[in-house]
Amino acid sequence: MWNLAEWCAAVVGAIFIFSSTQKLIDRRGWIDQAARLGVGRPLAVVVPILEGIVGVILVVQLWSTVALVVSLAMLVSFTVLIASLLARGLRPPCACFGAGKTRPISWRTVARNVVFIAINLVALLGASS
């Protein structure tokens with residue numbers, strides 16, 4: 001039986017797996033959308049692969065603490081990027097879950113990511129205790 005931290009880790013993992021697969025299905029579209037967010041091509045190529053690896057690790061509960069730290073760093077980075085664009089008045093489309101699911105970024109995008117960060121933190125704090 002999984003505890004709350006393990007469930008939270010699995011939720012974050014599932015989010016990362018979904019995001020990864022959607023980006024990999026339309027790699028060209030994702031890379032184009034990432035460029036509009038100011039993300040360089042090399043990083044845009046690596047992000048979905050890293051999301052997929054981290055997501056699988058979290059779902060299968062293998063090396064969870066390391067994967068939770070990496071996923072937290074990624075989520076915080078994504079959120080800072082989005083917030084900085086919004087603070088400058090920019091609202092490019094976000095392909096957070098693949099190029100086919102684009103909407104302009106908004107403070108709602110930031111709020112969603114803050115919820116993901118909170119879930120990640122619950123998992124990380126539970127994994128380290």
Side-chain angles (χ1 to χ4, degrees):
M1 185 76 156
W2 280 1
N3 63 31
L4 178 62
E6 292 166 332
W7 278 107
C8 288
V11 166
V12 172
I15 291 166
F16 270 58
I17 291 168
F18 179 75
S19 178
S20 170
T21 56
Q22 295 304 302
K23 288 171 183 157
L24 291 172
I25 287 170
D26 182 10
R27 288 186 68 185
R28 176 163 285 145
W30 153 245
I31 291 170
D32 291 345
Q33 292 294 341
R36 292 185 186 138
L37 291 168
V39 176
R41 181 177 171 77
L43 187 56
V45 169
V46 170
V47 165
I49 296 166
L50 185 57
E51 283 177 330
I53 292 167
V54 169
V56 168
I57 290 170
L58 291 173
V59 168
V60 300
Q61 307 285 308
L62 181 65
W63 305 310
S64 291
T65 302
V66 172
L68 284 165
V69 170
V70 172
S71 62
L72 180 62
M74 291 174 70
L75 286 167
V76 169
S77 298
F78 300 157
T79 306
V80 168
L81 171 64
I82 293 166
S84 69
L85 290 169
L86 289 170
R88 291 183 296 184
L90 303 173
R91 293 192 65 219
C94 179
C96 304
F97 295 102
K101 305 202 180 347
T102 58
R103 289 187 183 154
I105 60 171
S106 69
W107 290 106
R108 184 177 179 180
T109 312
V110 172
R112 180 202 62 213
N113 281 11
V114 168
V115 170
F116 293 164
I117 289 168
I119 295 168
N120 200 122
L121 283 171
V122 169
L124 185 57
L125 292 173
S128 62
S129 60

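Hydrogens, waters and symmetry mates play no part in the numbers below; they use all other heavy atoms, side chains included. Residue numbers run from 1 in the order of the sequence given.
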### Task
For residues V12 and C8, determine if any side-chain heavy atom of one lies less than 4.5 Å from a side-chain heavy atom of the other.
no
### Task
Examine M74 and V122 and state if one hydrophobic cluster contains both, with Ile, Leu, Val, Met, Phe, Trp and Tyr joined whenever side-chain heavy atoms are less than 4.5 Å apart.
no
## Note on the structure
d(F16 CZ, I53 CD1) to nearest 0.5 Å is 12.5 Å
## Note on the structure
For V76, the side-chain contact (heavy atoms from CB on, under 4.5 Å) test, sequence neighbours excluded, returns L72, V80, I117
### Task
With sequence neighbours excluded, tell me which residues meet side-chain hydrogen bond (donor to acceptor under 3.5 Å, both in side chains) with T79.
N113
### Task
Keeping to residues at least two apart or across chains, list the salt bridge (Lys or Arg N to Asp or Glu O under 4.0 Å) pairs with something in residues 31-54.
K23-E51
### Task
Check the pair V45 / R27 against side chain to side chain contact (heavy atoms under 4.5 Å, CB included), numbers first and verdict last.
CA-CA 8 Å; V45 169; R27 288 186 68 185; 3.4 Å; yes
### Query
Are any side-chain N or O atoms of S77 and backbone N or O atoms of A73, one a donor and one an acceptor, separated by less than 3.5 Å?
yes
### Query
Which heavy atom of A5 sits nearest a heavy atom of A123, and at what distance?
O-CB, 3.4 Å
#### Entry: For L85, side-chain contact (heavy atoms from CB on, under 4.5 Å) partners two or more places apart
L37, L81, R88, L90, P92, I105
### All side-chain contact (heavy atoms from CB on, under 4.5 Å) counterparts of R112, not counting sequence neighbours
C96, F97, T109, F116
### Summary
Scanning both residues in full, the closest heavy-atom pair of S64 with L58 reads O-CD2, 3.9 Å
### Summary
In terms of heavy-atom contacts, A44 and P48 come closest through O-CD, 3.1 Å
### Query
So if you build clusters from Ile, Leu, Val, Met, Phe, Trp, Tyr with side-chain heavy-atom gaps below 4.5 Å, do V115 and F18 land together?
yes
### Query
With the 4.5 Å side-chain cut-off for hydrophobic clustering, are L4 and L121 part of the same group?
no
#### Entry: Beyond-backbone contact of L68 with S71, side-chain heavy atoms, under 4.5 angstrom
yes
### Query
In terms of hydrophobic clusters joined by side-chain contacts under 4.5 Å, are I25 and V47 together?
no
### Task
Kindly say whether L24 contributes a backbone atom to a donor-acceptor pair with the side chain of W30 at under 3.5 angstrom?
no
### Task
Not counting sequence neighbours, list each pair that qualifies as a side chain to side chain donor-acceptor pair (under 3.5 Å) and has a residue in residues 5-18.
none
### Message
Apply side chain to side chain contact (heavy atoms under 4.5 Å, CB included) to residues S106 and R91 and explain how you reach the verdict.
### Response
CA-CA 7 Å; S106 69; R91 293 192 65 219; 3.7 Å; yes
### Task
Give the minimum heavy-atom separation between A67 and I57, together with the two atoms involved.
CB-CG2, 3.5 Å
